[in-house]
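The residues of the chain are indexed from 1 along the displayed sequence.
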Amino acid sequence: DLTKLHCDILGVGPMKTSVFDNIDIVKAKDSPNNFAYSTDALPLHSDLPYYFEPPAVQFFACLKSNVTGGEKFSGWIHFSAAHEVKTERPDYFDILSKVPMFYRHDPPGSSRALASSMPVIALSGTNIYRIRDHTGCMDEFSFIQNTDFETRKKWWEAYTYYRAKIEDPHRW
């Protein structure tokens, strides 16, 4: 069993299957339905935000790349930025850790959609436990339908502040 072999080799487990299967071979496509399959640089993001319990760890290996960049793991950037927001703007941190954003993924060729609504910053007690940040999967229509105007306005202010930290090139 390939899954068990990978868990044994990496010393992790159990391995969860996602919509992309246990092992996803990512290759550029002519008409990609997801920016992961394009030849464009990927924005910093966290994967599978529409899963209630996304994988805690994902392993990536690049066999061949014609572009520069990608040397940094974005996970530490997200957590670092969230910690800074917590210190500098506790009001923004509170919004991002309490107000849910809606996420959706409609896999091509499938009759089902994957959706969830969770805050960008998930806490375990007072500790940052998980970051869900994937602009490509945000379901803004559901966010508008389920969140009042004032809360949305404050959420976007907080999120813009947080994202500016992530996009700051000095951070990476």
Side-chain angles (χ1 to χ4, degrees), residues 15-62 65 67 69-70 72-83 85 92-124 128-149 151-168 171-172:
M15 189 178 234
K16 290 183 180 179
T17 300
S18 75
V19 293
F20 304 106
D21 209 356
N22 286 335
I23 298 174
D24 183 29
I25 306 298
V26 179
K27 292 182 180 180
K29 297 179 181 179
D30 290 333
S31 298
N33 59 358
N34 183 309
F35 58 52
Y37 300 104
S38 76
T39 56
D40 299 333
L42 297 178
L44 292 172
H45 66 282
S46 55
D47 281 343
L48 308 172
Y50 38 81
Y51 273 48
F52 177 73
E53 192 68 34
V57 177
Q58 292 177 284
F59 297 97
F60 295 93
C62 184
S65 177
V67 297
K72 301 285 186 190
F73 170 63
S74 71
W76 74 267
I77 295 170
H78 290 278
F79 278 85
S80 170
H83 279 285
V85 173
Y92 284 176
F93 183 85
D94 192 53
I95 291 166
L96 294 174
S97 65
K98 290 183 178 171
V99 176
M101 171 43 80
F102 292 75
Y103 300 96
R104 183 178 180 94
H105 176 61
D106 297 290
S110 175
S111 60
R112 65 186 173 123
L114 302 169
S116 71
S117 59
M118 302 283 181
V120 170
I121 300 170
L123 300 176
S124 175
I128 299 171
Y129 169 70
R130 172 172 284 127
I131 305 285
R132 282 183 172 83
D133 185 17
H134 196 312
T135 55
C137 293
M138 287 180 173
D139 183 354
E140 294 179 51
F141 182 71
S142 291
F143 186 56
I144 289 169
Q145 286 184 312
N146 294 285
T147 312
D148 67 85
F149 177 77
T151 303
R152 288 195 316 265
K153 184 178 170 187
K154 290 176 185 173
W155 188 93
W156 280 110
E157 287 172 12
Y159 184 71
T160 301
Y161 183 84
Y162 160 78
R163 280 303 299 190
K165 292 188 170 299
I166 290 170
E167 299 298 336
D168 179 359
R171 191 174 285 285
W172 28 278

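The distance from the OH atom of Tyr159 to the CG atom of Asp133 is 3.5 Å, given to the nearest 0.5 Å. Considering NE2 of His78 and NE2 of His83, their distance stands at 13.5 Å, rounded to 0.5 Å. Interatomic distance, Cys137 SG to Tyr103 OH, rounded to the nearest 0.5 Å: 9.0 Å. Here the CE-CZ distance, from Met118 to Phe102, works out to 10.5 Å after rounding to the nearest 0.5 Å. Atom-to-atom distance recorded for Tyr129:OH and Phe79:CZ is 9.5 Å, nearest 0.5 angstrom. Once rounded to the nearest 0.5 Å, the distance linking OG1 of Thr160 with CD of Glu157 reads 8.0 Å.
For Ala82, the side chain to side chain contact (heavy atoms under 4.5 Å, CB included) partners two or more places apart in sequence, or in a different chain, are Ile121, Ile128, Ile131, Tyr162. By the side-chain hydrogen bond (donor to acceptor under 3.5 Å, both in side chains) test, Thr151 is found to be paired with Asp148, residues two or more places apart in sequence or in another chain being considered. Remark: Lys98 engages Asp94 in a side-chain hydrogen bond (donor to acceptor under 3.5 Å, both in side chains) (not counting sequence neighbours).
Of all the heavy atoms in Ser117 and Pro100, the pair that sits closest is C-CB, 3.9 Å. For the pair Pro119 and Leu96, the tightest heavy-atom approach, listed with the atom from each and the gap, is CB-O, 3.3 Å. Of all non-hydrogen atoms in Thr147 and Arg152, the two that sit nearest each other are O-NH1, 2.6 Å. The nearest pair of heavy atoms linking Val85 to Phe93 is CG1-N, 3.6 Å.
Ring geometry, Phe143 versus Trp156: the interplanar angle exceeds 60°, so the pair is classed perpendicular (tilted spans 30 to 60°).
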